[in-house]
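In what follows, a single structure is set out as structure tokens and then discussed.
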Amino acid sequence: MEPRNRNGRGRKLGLSFYQQSGEALARALIGKVLVHRVEGKQLRGRIVETEAYLGPADLASHSSKGRTKRTEVMFGRAGYAYVYFIYGMYEMFNIVAGMTGHAHAVLVRAAEPLDGWDADLSGPGKLATRFGILRSDNGADLTGDKLFLLDRGDRPEIGVSPRIGIDYAGEWVDTPLRFFDLASNAVSGPKGRTRGAGKTRS
DNA sequence: GCATCGATGGTG
DNA sequence: ACCATCGATGCA
């Protein structure tokens, strides 16, 4: 018989999945499927790149600036979305991880579109925009049925590197908290294969 | 292919 | 003033 929540396309992940450290969750997210139901449609993508942010001690984390209106959701229970606006243009989609109060979170940086969806999801700004994830989704509950994750049983081979774009983070700049699917060509940045349409010829 | 730069507005 | 980014531009 089918497990409950079996969708034919994977099993929906529940609260306990999110209640692991940011580092463990960031690694576990590679290969999972992000689903966003909006306006009668369903957008789905397979996550291939993430970064962990480990709370106030982590100088790269927004939570290191303290508990503010912006960072409040990170200090709450795991499994909520932390969505923030940056560079005057982009939304960033994160998932709150770990124990309540620890303010761990995982930035979802890249995914492969599914179901024939033709979209470039290689980069956190592009991913959030194309998934239709907005600041108004800050605090959304991923154990709900609008924005959530599926486990298909994928076991991708995972690469690790320092995080991108955090040169201000002191001793944390080189900490290897970025995770990615070694076999995916949708990974952004270093180690990723942003391979174009194959124009290697002259 | 790689380095540099400007857009654009919330945040502390 | 800075920023968990991106696309355009210039040059090789």
Side-chain angles (χ1 to χ4, degrees), chain A residues 18 21-30 34 45 47-76 78 80-98 102-113 118-140 142 159-181 185-202:
Chain A
Y18 301 102
S21 75
E23 185 170 3
L25 181 64
R27 182 181 281 275
L29 280 169
I30 304 302
L34 175 64
I47 295 169
V48 297
E49 183 184 354
T50 61
E51 282 176 358
Y53 289 83
L54 303 184
D58 177 0
L59 297 177
S61 173
H62 294 165
S63 63
S64 69
K65 298 299 181 187
R67 190 166 181 154
T68 67
K69 182 164 282 185
R70 182 203 209 189
T71 63
E72 181 65 26
V73 69
M74 273 195 287
F75 287 88
Y80 287 107
Y82 167 46
V83 183
Y84 65 90
F85 186 63
I86 190 79
Y87 297 122
M89 281 175 239
Y90 302 106
E91 325 269 355
M92 296 286 182
F93 170 57
N94 299 254
I95 299 171
V96 178
H102 287 202
H104 284 205
V106 178
L107 172 64
V108 181
R109 292 189 55 91
E112 296 168 345
D118 182 17
D120 178 1
L121 307 177
S122 300
K126 289 187 281 191
L127 182 149
T129 298
R130 286 161 195 166
F131 259 98
I133 297 171
L134 306 169
R135 275 166 285 178
S136 56
D137 293 305
N138 188 48
L142 301 209
V160 183
S161 82
R163 293 169 291 182
I164 307 280
I166 53 140
D167 291 346
Y168 56 87
E171 344 189 291
W172 289 80
V173 289
D174 294 320
T175 310
L177 291 173
R178 171 172 172 258
F179 302 88
F180 52 94
D181 178 351
N185 63 8
V187 175
S188 74
K191 297 298 192 187
R193 314 137 164 70
T194 310
R195 94 176 291 143
K199 304 249 187 236
T200 324
R201 253 167 31 90
S202 65

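Lettering follows sequence order; numbering is per chain, from 1.
A/I166 comes within contact range of the sugar-phosphate backbone alone, with a heavy-atom separation under 4.0 Å but no base atom that close.
Remark: DNA chain B takes part in the stems B:1-7 with C:5-11, B:9-11 with C:1-3, each of 3 or more antiparallel Watson-Crick or G-U pairs, criterion distances under 3.5 Å.
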Show the atom names and distances, to 0.1 Å, of all donor-acceptor pairs under 3.5 Å that link a side chain in residues 47-59 of chain A to residues at least two apart or in another chain.
unit_1: A/E49; atom_1: OE1; unit_2: A/S188; atom_2: N; d: 2.7
unit_1: A/E49; atom_1: OE1; unit_2: A/S188; atom_2: OG; d: 2.9
unit_1: A/E49; atom_1: OE2; unit_2: A/R109; atom_2: NE; d: 2.9
unit_1: A/E49; atom_1: OE2; unit_2: A/R178; atom_2: NE; d: 2.8
unit_1: A/E49; atom_1: OE2; unit_2: A/R178; atom_2: NH2; d: 3.2
unit_1: A/E49; atom_1: OE2; unit_2: A/S188; atom_2: OG; d: 3.2
unit_1: A/T50; atom_1: OG1; unit_2: A/A26; atom_2: O; d: 2.8
unit_1: A/E51; atom_1: OE1; unit_2: A/Y53; atom_2: OH; d: 2.6
unit_1: A/E51; atom_1: OE2; unit_2: A/I164; atom_2: N; d: 2.8
unit_1: A/D58; atom_1: OD1; unit_2: A/A60; atom_2: N; d: 3.0
unit_1: A/D58; atom_1: OD1; unit_2: A/R163; atom_2: NH2; d: 3.1
unit_1: A/D58; atom_1: OD2; unit_2: A/L54; atom_2: N; d: 2.9
unit_1: A/D58; atom_1: OD2; unit_2: A/R163; atom_2: NH1; d: 2.7

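In terms of the side-chain contact (heavy atoms from CB on, under 4.5 Å) criterion, A/S64 has no residue partners (sequence neighbours excluded). With sequence neighbours left out, A/E23 forms a salt bridge (Lys or Arg N to Asp or Glu O under 4.0 Å) with no residue at all. In this structure, the side-chain contact (heavy atoms from CB on, under 4.5 Å) partners of A/V160, at least two apart in sequence or on a different chain, are A/R27, A/P176, A/F179. Every residue meeting the ring pair (Phe, Tyr, Trp, His ring centres under 6.0 Å) condition with A/Y84, not counting sequence neighbours, appears here in chain and number order: A/H62, A/Y82. By the side-chain contact (heavy atoms from CB on, under 4.5 Å) test, A/F85 is found to be paired with A/E91, A/R135, residues two or more places apart in sequence or in another chain being considered. Residues forming a ring pair (Phe, Tyr, Trp, His ring centres under 6.0 Å) with A/F131 (at least two apart in sequence, or on another chain): A/W117.
Comparing A/D120 and A/Y82 by the nucleotide of DNA chain C that holds the closest heavy atom to each, the one mapping nearer the 5' end is A/Y82.
Rounding to the nearest 0.5 Å gives a distance of 12.0 Å between NZ of A/K69 and CG of A/N138. Atom CD of A/E72 is separated from atom OG of A/S63 by 12.0 Å, given to the nearest 0.5 angstrom. Note that CE of A/M74 is 14.5 Å distant from NE2 of A/H102, once rounded to the nearest 0.5 Å.
Near DNA chain C, defined here as any heavy-atom distance below 4.0 Å, the residues from residues 124-132 of chain A are A/P124, A/G125, A/K126, A/R130, listed numerically.
Residues A/V106 and A/L29 come closest through the heavy atom pair CG1-CD1, 3.6 Å.
Side-chain contact between A/F180 and A/S161 is present, with at least one heavy-atom pair separated by less than 4.5 Å.
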Can you give me the N/O atom pairs linking the protein to nucleotides 9-12 of chain B at distances under 3.5 Å, or say none if there are none?
unit_1: B/dG9; atom_1: N2; unit_2: A/Y87; atom_2: N; d: 3.3
unit_1: B/dG9; atom_1: N3; unit_2: A/G88; atom_2: N; d: 3.4
unit_1: B/dG12; atom_1: OP1; unit_2: A/T68; atom_2: OG1; d: 2.5

field: Worked check of side-chain contact (heavy atoms from CB on, under 4.5 Å) between A/Y18 and A/L25
entry: CA-CA 7 Å; A/Y18 301 102; A/L25 181 64; 4.3 Å; yes
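Bracketed by its first and final contacts, the part of DNA chain C lying under 4.0 Å from non-hydrogen atoms of chain A reaches from C/dC3 to C/dG7 in 5' to 3' order.
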